[in-house]
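To start, the structure itself, in structure tokens.
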Amino acid sequence: MALSTHVDAAGRGGRRKDGPVAVQRTKGVDSARRALQILLQFTQEKPELTVDDLLEMHDISLPSAYRYLSLLREMYLIEERSKGVFVLSPEILQLAEAAERTLDYRAEAQTVLDALRGRTGETALYLRRLNDAAICLAISDSDHAVSISFQPGHVMPLHAGAAAKLLLAEYSKSKRAHYLDAVEPPLSKAARKELEADLDRIKRERFSVSEAEVDEGVWACAAPVRVHGRLIGAITVVAPGYRVGPSQQEKIGDEVKRAAAEFESMLVPAR
């Protein structure tokens, strides 16, 4: 799967056809935000960072770069592997293990996604809500190339994309309004009205469809996964719009609903 990413104001990757959508920024924590942004620059592809890297990535002075690095070292989150070269410390493993415990039903989801991908021939994903965002926990890639923003661990806004909107539709009216009030850039009155009508329909029908809302040329549909009435996530299939006509979309939709039901039946006996 081809993926292109940007690093947004929160320091996380993602790609949207119309650029990043910022969430509401917390006031008075600029220094903390910068330190966390630096911490989130460490990735599997770039496990080491130098001071020059930080100066290139962030608009900060050399003394500021060393100050942030010193703070992260003080908290035992990074260490200096060699002169001027910094890596994550073993302390991060505890955070990773804690996060692992919260990635609900990822192993079970993978089995369902693999079967769904086999039946549809398209990429299948499992998403759940993380605060006011959607996070991809598991994916089963199609043999066909498709470029999408969602990949395991990536966080995306709730108001675009079939699965994300399905998660947002679960919000109460007041919580939904609070979320939409904080969206940056703000939605126009017409766009907000259209989105709210779409969310009402999604909640009523328990099914969601999107076309090129997150990635150009990509169609998607999603169905909710509930355990004892509680929404725990969404199963979704994404595919290039040119490859799935109306009849194929209907078949995929039926398969997505079937997969969500299968997932639920797997989880309920274990609870």
Side-chain angles (χ1 to χ4, degrees), residues 1 3-16 19-110 125-139 148-158 164 167 179 182 184 232-233:
M1 175 178 295
L3 295 161
S4 67
T5 62
H6 69 267
V7 176
D8 61 19
R12 302 309 300 262
R15 186 177 70 82
R16 290 179 52 82
V21 175
V23 297
Q24 187 176 29
R25 291 168 66 90
T26 304
K27 297 179 180 179
V29 292
D30 289 343
S31 293
R33 180 183 295 110
R34 181 71 73 185
L36 291 174
Q37 286 174 345
I38 291 172
L39 186 64
L40 290 171
Q41 298 295 163
F42 291 94
T43 65
Q44 291 183 346
E45 293 76 22
K46 194 172 183 60
E48 298 180 343
L49 290 176
T50 66
V51 175
D52 287 341
D53 290 331
L54 299 185
L55 295 178
E56 182 179 344
M57 296 173 182
H58 304 277
D59 184 21
I60 54 177
S61 65
L62 183 61
S64 293
Y66 277 111
R67 186 168 64 252
Y68 291 125
L69 290 170
S70 295
L71 174 60
L72 293 173
R73 292 181 66 189
E74 176 190 329
M75 301 304 296
Y76 301 103
L77 295 174
I78 65 171
E79 59 185 31
E80 194 169 9
R81 174 63 54 81
S82 59
K83 186 171 179 58
V85 178
F86 297 88
V87 298
L88 295 175
S89 77
E91 186 76 14
I92 291 292
L93 293 176
Q94 294 189 40
L95 297 178
E97 290 171 0
E100 183 78 19
R101 292 177 182 270
T102 68
L103 298 184
D104 302 320
Y105 314 119
R106 187 169 50 171
E108 296 90 339
Q110 193 64 57
L125 305 93
Y126 170 54
L127 284 76
R128 75 167 174 85
R129 185 174 61 82
L130 177 64
N131 299 322
D132 282 338
I135 182 170
C136 177
L137 298 186
I139 186 170
I148 62 172
S149 296
F150 277 117
Q151 61 175 306
H154 274 212
V155 175
M156 299 287 285
L158 285 174
L167 300 175
Y179 173 88
E184 291 290 345
I232 64 164

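Quick note: numbers below take in every heavy atom, side chains included, and nothing from hydrogens, waters or symmetry partners.
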Discussion item. How close do Ala133 and Val155 get, counting heavy atoms only, and between which atoms?
Written reply: CB-CG1, 3.2 Å

Practice prompt. Please step through side-chain contact (heavy atoms from CB on, under 4.5 Å) for the pair Leu137 and Leu127, ending with a clear verdict.
Written response: CA-CA 6 Å; Leu137 298 186; Leu127 284 76; over 6 Å; no

Worksheet item: If you round to the nearest 0.5 Å, how far is OH of Tyr76 from CD of Gln94?
Response: 13.0 Å

Item to complete: Apply side-chain contact (heavy atoms from CB on, under 4.5 Å) to Leu158 and Arg129, showing your working.
Response: CA-CA 8 Å; Leu158 285 174; Arg129 185 174 61 82; 4.2 Å; yes

Discussion item. The test is side-chain contact (heavy atoms from CB on, under 4.5 Å); show your working for Phe42 and Glu48 and say whether it passes.
Written reply: CA-CA 7 Å; Phe42 291 94; Glu48 298 180 343; 5.8 Å; no

Item to complete: Taking all heavy atoms of Pro90 and all of Glu79, pick out the closest pair and write down the distance.
Response: CD-OE1, 3.9 Å

Worksheet item: Atom CD1 in Ile60, atom OH in Tyr68: separation rounded to 0.5 Å?
Response: 6.5 Å

Worksheet item: Is there a side-chain contact between Leu77 and Leu88, using heavy atoms and a 4.5 Å cut-off?
Response: no

Discussion item. Give me each pair satisfying salt bridge (Lys or Arg N to Asp or Glu O under 4.0 Å) with a member in residues 49-58, each pair once, sequence neighbours excluded.
Written reply: Lys46-Asp53

Worksheet item: Any side-chain heavy atom of His58 sitting closer than 4.5 Å to one from Gln41?
Response: yes

Fill in: Single hit among Ile38, Val87, Leu72 for side chain to side chain contact (heavy atoms under 4.5 Å, CB included) with Ile78
Leu72

Worksheet item: Are any of the side-chain heavy atoms of Leu69 and Leu54 separated by less than 4.5 Å?
Response: yes

Discussion item. Are Tyr179 and Pro157 packed together at the side-chain level, in the sense that at least one heavy-atom pair is separated by less than 4.5 angstrom?
Written reply: yes

Worksheet entry | Trace of the side chain to side chain donor-acceptor pair (under 3.5 Å) decision for Arg67 with Ser64 | CA-CA 5 Å; Arg67 186 168 64 252; Ser64 293; 3.2 Å; yes

Worksheet entry | Validation row: Ile232, Arg128 side chains within 4.5 angstrom (heavy atoms) | no

Worksheet item: Between Ile139 and Gln110, is a side-chain contact (heavy atoms from CB on, under 4.5 Å) present by the stated rule, with each step listed?
Response: CA-CA 7 Å; Ile139 186 170; Gln110 193 64 57; 5.8 Å; no

